[in-house]
Amino acid sequence: MIGIIDCNSFYASCEQVFRPDLRGKPVVVLSNNDGCVIAANKEAKALAHIPMFEPVFKIKDQLIKNNVTFFSSNYTLYGEMSNRVMRILKEFSPIVEIYSIDEAFIDLSGLDHIDLEDYGHEIKKKIMRYTGLPVGVGIAPTKVLAKLANRRSKKEISNNHVYVINSEEKRIDTLHWAKIKDVWGIGKKHTTRLQEIGKHSAYDFTQLPLSWVRKNMTVVGERTWRELRGESCLSLEVMPKPKKAIGTAKSFGKKLTSIELIEEACSYYINEVSEVLRSQNSCAKYLQVFLQTNYHSNNDKQYHNSITVTLETPTNNTFILNTEGKKALHRIFKSGYRYKKVGVCLSGIVPENYVQTNLFHQTSEKKGLMEVFDKINQKFGKSTLSPALLNKSKIKEWELVKEQRSPRYTTQWEDILKIQ
DNA sequence: TCTGGGGTCCTAGGACCC
DNA sequence: TCTGGGGTCCTAGGACCC
């Protein structure tokens, strides 16, 4: 049996842990740049129709009128709270797959002698007691079924956030209960497609001939189909795999027209992604840089472009990547536009010790330099050392807007909660 | 005025190899 | 009239996830 534990309205719940005054009250968390709503607790969902990803400016009045508290996103806080949850889960099973910041699959095989429903409640209680975060627990023979069980644990109040599919009757019953769009792995396109041919429940989907599924939904759909029928196709991935692409792209706090500021942001992002690259002991062969205006705007002239640089030798050296990145940026930059976003993405990722050099390669790279660089930043905090990128202005004019960010209660000494 | 960010996997088709 | 057979690698685009 496989369990999936998933935190309820995770970001909003994290904020509430440190703000007990907000318990039982509506809370939403906004995306980067305070652009749109990315998390809402059940109180917020209940009182206002707050669609996820709704631009904030459209519903701000409504939020204020309803006394909804809103927060800018605070990923440092959420990341740390996530670690706490994952550590607790490891006490319940040695095999844990951290699937995302707020959910994990756990292996529950070999526990035939115990009542899995009780076990689920124990997990839920312990996480609540130790972290203050509410979770839902779904347990079933396959991952896809466990996901449905998890959904059912929350949707039907009587389940009290734990649901176990441990019989053929419960499996079939859950398949009838679940809408096709709620099946993990079936997104918008396939949902529309399936609805068009009259398939509305998960059960309907499992009754389609496999050949149809395979033809129209590839092998991915076939796995989903089999998993729903109780045949496990997706195993637990305990070891996190090295990333195949590492990128970052953030909207500017305001629209930018000058290349100097965009360049600064671009260098900053390259600094960030190369650090991630080194942390997994990899090098990258390709560096992509892209630039875009605000595609939502009807008034602005639109332009977007991207360029992918093939590096002579795969590298993880910030300075080399930065030089190449800047060159690339200059090649796609056109003046006369109001830019909204610049992004970088590293790909063609290979292990550091398997880098294929070319015939004429001369080792000039000083690996030790980057090592010292990373060590100092680990010890003294992010950006204690950084390339001289930000020499033009002390204030990062391109930086994100985060007007309502909560303190970093769990990671900064000066932000620790004071109790009087 | 204002609209997020970071990923994965699969397939078809083209170009190429012996 | 009639033109082989067995592969690999790469990329773009589509679908999906949180």
May I ask you to say what A:N32 touches in the nucleic acid, namely base, sugar-phosphate or nothing, with a heavy-atom cut-off under 4.0 Å? sugar-phosphate
Please report, rounded to the nearest Å, how far the P atom of B:dT3 is from the CZ atom of A:F252. 13 Å
Any donor-acceptor pair under 3.5 Å from A:T224 side chain to A:V220 backbone: yes
Tell me the interatomic distance from A:I59, atom CD1, to B:dC2, atom P, rounded to whole angstroms. 17 Å
When all nucleic acid strands are considered with a 4.0 Å heavy-atom cut-off, which category describes A:Y295: base, sugar-phosphate, or nothing? nothing
Chi angles and distances behind the side chain to side chain contact (heavy atoms under 4.5 Å, CB included) call for A:D6, A:N150: CA-CA 8 Å; A:D6 162 287; A:N150 179 285; 3.5 Å; yes
Could you check whether A:S297 gets within reach of a base, just the sugar-phosphate, or nothing at all, counting any heavy atom under 4.0 Å? nothing
Contact class for A:K188 (heavy atom, under 4.0 Å): base, sugar-phosphate, or nothing? sugar-phosphate
Please report, rounded to the nearest Å, how far the P atom of C:dC18 is from the CD1 atom of A:I38. 14 Å
Salt bridge between A:E122 and A:R129, side-chain N to carboxylate O under 4.0 Å? no
Which of C:dA15, B:dG5, C:dT11 is nearest the side chain of A:H190? It is C:dA15
Under 4.0 Å between any heavy atoms, over every strand shown, what does A:R193 touch: base, sugar-phosphate, or nothing? Just pick one. nothing
In whole angstrom, what separates A:L63's CG from B:dC2's C1'? 14 Å
Partner of A:L175 under side-chain contact (heavy atoms from CB on, under 4.5 Å), chosen from A:I165, A:L148, A:D204: A:L148
Just call it for A:K250: base, sugar-phosphate, or nothing, with non-hydrogen atoms closer than 4.0 Å on any strand. sugar-phosphate
